[in-house]
Chemist: 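The structure that follows is given in the form of structure tokens.
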Amino acid sequence: MAGKKANNKLEKNSSLYTDITGRMLDFIDESPTCFHVVANLKKRLLSEGYVELKESEEWKLNPLTNGKKTSPKAGKYFVTRNDSSIISFRIPRKDFKGFYMIASHSDSPSFKIKENPEMEVPGAYVKLNVEKYGGMLCAEWFDRPLSVAGRLIIRDKKNTVSSRLVNVDRDLLMLPALAIHMNREANDGYKYNAQKDMLPIFGDADAKDKFFEVVADAAGVKKEDILGHDLFLYNRVKPTVWGASMEYIGSSRLDNQECVYTTFEGFLNAADSDNVAVHCVFDNEEVGSGTKQGAASTFLKDTLTRINDCLGRTAEQYFTAVAQSFMISADNAHAVHPNNTDKADPVNRPVMNKGVVIKYNANQKYTTDAVSAANFKLMCEKAGVPYQSFTNRSDMPGGSTLGNISTTQVAVNTVDIGLAQLAMHSPYETAGSLDPQYLAAVSKVFYES
Ligand code: CO
């Protein structure tokens with residue numbers, strides 16, 4: 001199954017072959033939106049014996065058990081919020097010391113389908129009204145097959161509503177560029193207007209009223225039963241492995257599904273330790289994390305508090321546990337760009353396939369400090385994983401991520417890390433084919449420590 005869907009398979013006899021990279025590319029290919037990320041993680045958790053908890057129900061939690069007489073399912077749980085964020089955790093056999101957490105994000109920049117999306121170009125086309133979700137590179141969305149995926153909220157028989165995952169899963173839309181003859185200055189830089197330039201063609205004039213028919217069809221529901229939708233465009237170009245020695249991967253959504261998948265592998269494969277192993281994937285990082293399911297929400301704090309309380313521990317024990325906890329905030333980092341080396345810091349410039357990147361920022365956009373960096377380096381050494389460092393140029397502000405936002409709810413020692421990549425926030429990004437195994441390996445060591 002490894003890498004089956006990648007265009008160029010990594011050769012099994014190649015020294016660069018790593019099984020996890022192929023499986024990760026399959027996962028990304030099958031996860032066009034944050035809702036699919038959570039659904040696919042959920043599927044895997046259920047197959048590994050994890051028990052689903054609902055926030056709206058009372059929790060009864062047990063630690064992992066020894067021996068076969070007790071339930072094999074004890075101690076392994078997960079909970080979702082909004083079907084777009086998910087926290088999975090394992091409770092150790094003995095009373096625990098702290099929470100060992102890795103956080104990443106499920107969302108990627110895209111275009112969201114607006115209400116009443118069909119727009120007619122009289123006698124010629126039906127196009128779709130969309131708006132930006134997050135800060136993407138716009139030009140890269142042109143001239144490639146696009147499709148639509150997300151979730152629908154459906155009217156049920158009893159006049160209640162339920163959620164349905166949907167992926168049209170065929171080449172459906174195109175955003176054709178304006179010919180060079182009609183804009184001779186196109187190569188001198190163009191400012192894209194989201195309301196004018198970024199509306200993809202859905203069909204010819206006869207396509208009127210067909211968009212929600214197509215979507216309903218793909219979801220197996222009736223068009224008139226669709227009461228709500230969170231639908232996004234996605235790039236149909238398949239992931240690929242490329243380069244002189246297959247050293248690179250190309251794919252949509254490497255930021256941040258590369259971190260989601262590899263840290264999850266580390267989480268699932270880790271042996272039991274003295275800490276609660278917690279794997280968090282939050283939605284809405286690309287729009288500031290300030291939603292009910294984002295990193296700034298109470299989702300993590302609520303979950304940790306409930307774990308503590310359900311095991312009969314006191315509030316005092318919760319605070320001592322948090323004080324002994326550690327978080328890895330995992331989100332991809334910029335590799336030095338081949339044609340723009342001047343955009344990187346003169347010294348701390350990550351290279352793809354050279355290991356996990358530790359991210360530093362004096363103004364604490366990244367949470368890394370001397371203590372958390374040192375602890376993380378020790379874990380890398382233990383895992384036999386190379387690491388490197390990233391800082392922005394001192395005259396460039398750079399981006400932000402989850403760590404410093406999440407700590408406003410649960411304040412723990414945190415390190416910001418990621419894997420090196422190019423073309424961040426393009427609908428087709430580049431990363432190293434060796435790096436996924438490194439983040440998986442250090443994640444496993446972290447959860448075991
Ligand atoms: Co990111």
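First listed ligand is number 1; within each ligand, the first listed atom is number 1.
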Chemist: Please determine if the Co ion (ligand 1) has an N/O/S atom from Asp255 lying under 2.8 Å away.
Modeler: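 A backbone or side-chain N, O or S atom of Asp255 is under 2.8 Å from the Co ion (ligand 1).
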Chemist: Assess Asp331: does it contribute an N, O or S atom lying under 2.8 Å from the Co ion (ligand 1)?
Modeler: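 So Asp331 counts as coordinating the Co ion (ligand 1), yes.
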Chemist: Salt bridge or not between Arg44 and Glu48? Use side-chain N to carboxylate O under 4.0 Å.
Modeler: yes
Chemist: What pairs meet the ring pair (Phe, Tyr, Trp, His ring centres under 6.0 Å) rule with one or both residues in residues 270-302, with sequence neighbours excluded?
Modeler: Phe264-His279, Phe267-His279
Chemist: Describe, in one word, how the ring planes of Phe111 and Trp141 are oriented to each other, choosing from parallel (under 30°), tilted (30 to 60°) and perpendicular (over 60°).
Modeler: perpendicular
Chemist: To make sure I understand the geometry: which N, O or S atom in His105 is closest to the Co ion (ligand 1)?
Modeler: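 Restricting His105 to its N, O and S atoms, the minimum distance to the Co ion (ligand 1) goes to NE2.
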Chemist: Side-chain donor-acceptor pairs under 3.5 Å in residues 399-407, sequence neighbours left out?
Modeler:
| unit_1 | atom_1 | unit_2 | atom_2 | d |
| --- | --- | --- | --- | --- |
| Thr401 | OG1 | Asp331 | OD2 | 2.8 |
| Thr407 | OG1 | Gly403 | O | 3.2 |
| Thr407 | OG1 | Asn404 | O | 3.1 |

